[in-house]
There are 2 protein chains.
Amino acid sequence: MPARTTAARAGLTIAEASARTGLTPHTLRYYERDGLMLREVGRTASGHRVYTDADLAWVTMLTRLRATGMPIREMREYAALCRRGEGNEESRLGLLQAHRSRVLEQLAAVTDHLGAIDEKIGIYRGRLGRPA
Amino acid sequence: MPARTTAARAGLTIAEASARTGLTPHTLRYYERDGLMLREVGRTASGHRVYTDADLAWVTMLTRLRATGMPIREMREYAALCRRGEGNEESRLGLLQAHRSRVLEQLAAVTDHLGAIDEKIGIYRGRLGRPA
DNA sequence: CAACGCCTTCGAGCGCGCTCGAAGTCAAGG
DNA sequence: CCTTGACTTCGAGCGCGCTCGAAGGCGTTG
């Protein structure tokens, strides 16, 4: 275990990375196993993972993609493209744009459905003599 | 099988209900099995399901709840409340309002994440010399 | 009357995204 | 030196929401 509890060390333990990203250590290991990380996560002499700020930034991007509904499979593709280095920016852009437009569609659909649900709520409020 | 292909019959076959709701026959049966229907779906003499407009309207509501992320378990609760008849409008309203506010939170989160993804897209576009 | 096609029930299976537990290692503290 | 506790790997398990296939019934059509 590292000496200081939290400080300007070069890297973070998995527990710290977990705290900062909101993902559990289990999930962080799973993402790594599943080929979602940009580069190999560093290790201490004893084999413990060491997360850099760059790793955290990448994980944050992953959580954004996930939270907007991107399947793991596609995140893996994106990671693979990024890992391969320069020269495939077109593909990465395409992937992100496709995702973006799916998200927009989904936002519109959810908003629409929510409107209908709101009407239902309005009906119940009216029936309970409780306006607005 | 009914005589006319589509007409002003009192009810619809499962295939027609499927076509109108966008759910597969398998899923319609599954919802029914799972206690999500408001009332028992009618049957022909030979045991085939007959969907009324009321059934379709209810299924549409179900799809809206699902599409906004309500778990099946909760839809079942809501259906149970509705089935029990008048007197529990408070509970139904509470359930829908709770759902509504979760959906709003999720919309906000997705919108936020999308903003970050858009930034990334902007970076790639810039890098590819392709503004806006 | 045979064939076709859509329906029925039932239970099993699947893809996704985690989530967990067992068994072991290592470093620091008492 | 021994305990503690956070870490490691590995593979299995789980909850959700369908999805499917087998086996059989009915009723219109050629």
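Throughout, a chain's letter reflects where its sequence line sits, starting with A, and its residues are numbered from 1.
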Worksheet item: Given atom OH of B/Tyr51 and atom C1' of C/dT8, what is their separation to the nearest angstrom?
Response: 12 Å
Worksheet entry | Passing option when A/Tyr124 is tested against B/Glu89, B/Arg92, B/Gln97 for side-chain hydrogen bond (donor to acceptor under 3.5 Å, both in side chains) | B/Arg92
Worksheet item: What class does the angle between the rings of B/Tyr78 and B/Trp58 fall in, given that below 30° is parallel, 30 to 60° is tilted and above 60° is perpendicular?
Response: parallel
Worksheet entry | Nearest-neighbour nucleotide for the B/His26 side chain, D/dG21, D/dT9, C/dC7 considered | D/dG21
Practice prompt. Determine the minimum heavy-atom distance between A/Arg102 and A/Leu95, stating which atoms define it.
Written response: NH2-O, 4.5 Å
Worksheet item: Checking all strands, does A/Arg43 fall into the base, sugar-phosphate, or nothing category for heavy-atom contacts under 4.0 angstrom?
Response: sugar-phosphate
Fill in: Stepwise side chain to side chain contact (heavy atoms under 4.5 Å, CB included) check, A/Arg130 with B/Glu90
CA-CA 11 Å; A/Arg130 192 185 306 170; B/Glu90 289 280 1; 2.8 Å; yes
Worksheet entry | For atom CD of A/Glu16 and atom P of D/dC7, their distance in whole Å | 8 Å
Discussion item. Tell me which one of A/Leu36, A/Ile72, A/Thr27 satisfies side chain to side chain contact (heavy atoms under 4.5 Å, CB included) with A/Arg66.
Written reply: A/Ile72
Discussion item. Between A/Val59 and A/Tyr30, is there shared hydrophobic-cluster membership here, with clusters defined by ILVMFWY side-chain heavy atoms closer than 4.5 Å?
Written reply: yes
Worksheet, complete the sentence: Tested for side-chain hydrogen bond (donor to acceptor under 3.5 Å, both in side chains) against B/Asp34, the lone hit among B/Arg29, B/Arg76, B/Arg73 is B/Arg76
Discussion item. For a quick check, with a 4.0 angstrom heavy-atom cut-off, what is the B/S/- contact string for nucleotides 13-18 of chain C, read 5' to 3'?
Written reply: ---SBB
Discussion item. Categorize B/Arg29 for me: base, sugar-phosphate, or nothing, with a 4.0 angstrom heavy-atom threshold over every strand shown.
Written reply: base
Discussion item. Salt bridge check, A/Asp112 against B/Arg64: does any charged N sit closer than 4.0 Å to a carboxylate O?
Written reply: yes
Worksheet entry | Below 4.0 Å: OP1/OP2 of D/dC7 and any side-chain N or O of A/Arg49 | no
Discussion item. Rounded to whole Å, please give me the gap between CG in B/Leu12 and P in C/dC6.
Written reply: 16 Å
Discussion item. Heavy atoms within less than 4.0 Å of DNA chain C: which residues of residues 96-106 of chain B have one? Give them sorted by number.
Written reply: none
Fill in: Of the listed nucleotides C/dT8, C/dC20, D/dT8, the one nearest the side chain of A/Arg33
C/dC20
Worksheet item: For the pair made of NE2 in A/His48 and P in D/dC7, what is the distance, rounded to whole Å?
Response: 8 Å
Discussion item. Using side chain to side chain contact (heavy atoms under 4.5 Å, CB included), reason through B/Leu114 and A/Leu107 one step at a time and then give a plain yes or no.
Written reply: CA-CA 10 Å; B/Leu114 189 59; A/Leu107 277 177; 4.1 Å; yes
Item to complete: Could you tell me whether A/Ala15 contacts a base, only the sugar-phosphate backbone, or nothing, with contacts defined as non-hydrogen atoms closer than 4.0 Å?
Response: sugar-phosphate
Worksheet item: How do A/Ser46 and B/Val50 order along DNA chain C: which one's closest nucleotide is nearer the 5' end?
Response: B/Val50
Practice prompt. Whole angstrom is fine here: how far is it from CG in B/Leu28 over to P in D/dC20?
Written response: 14 Å
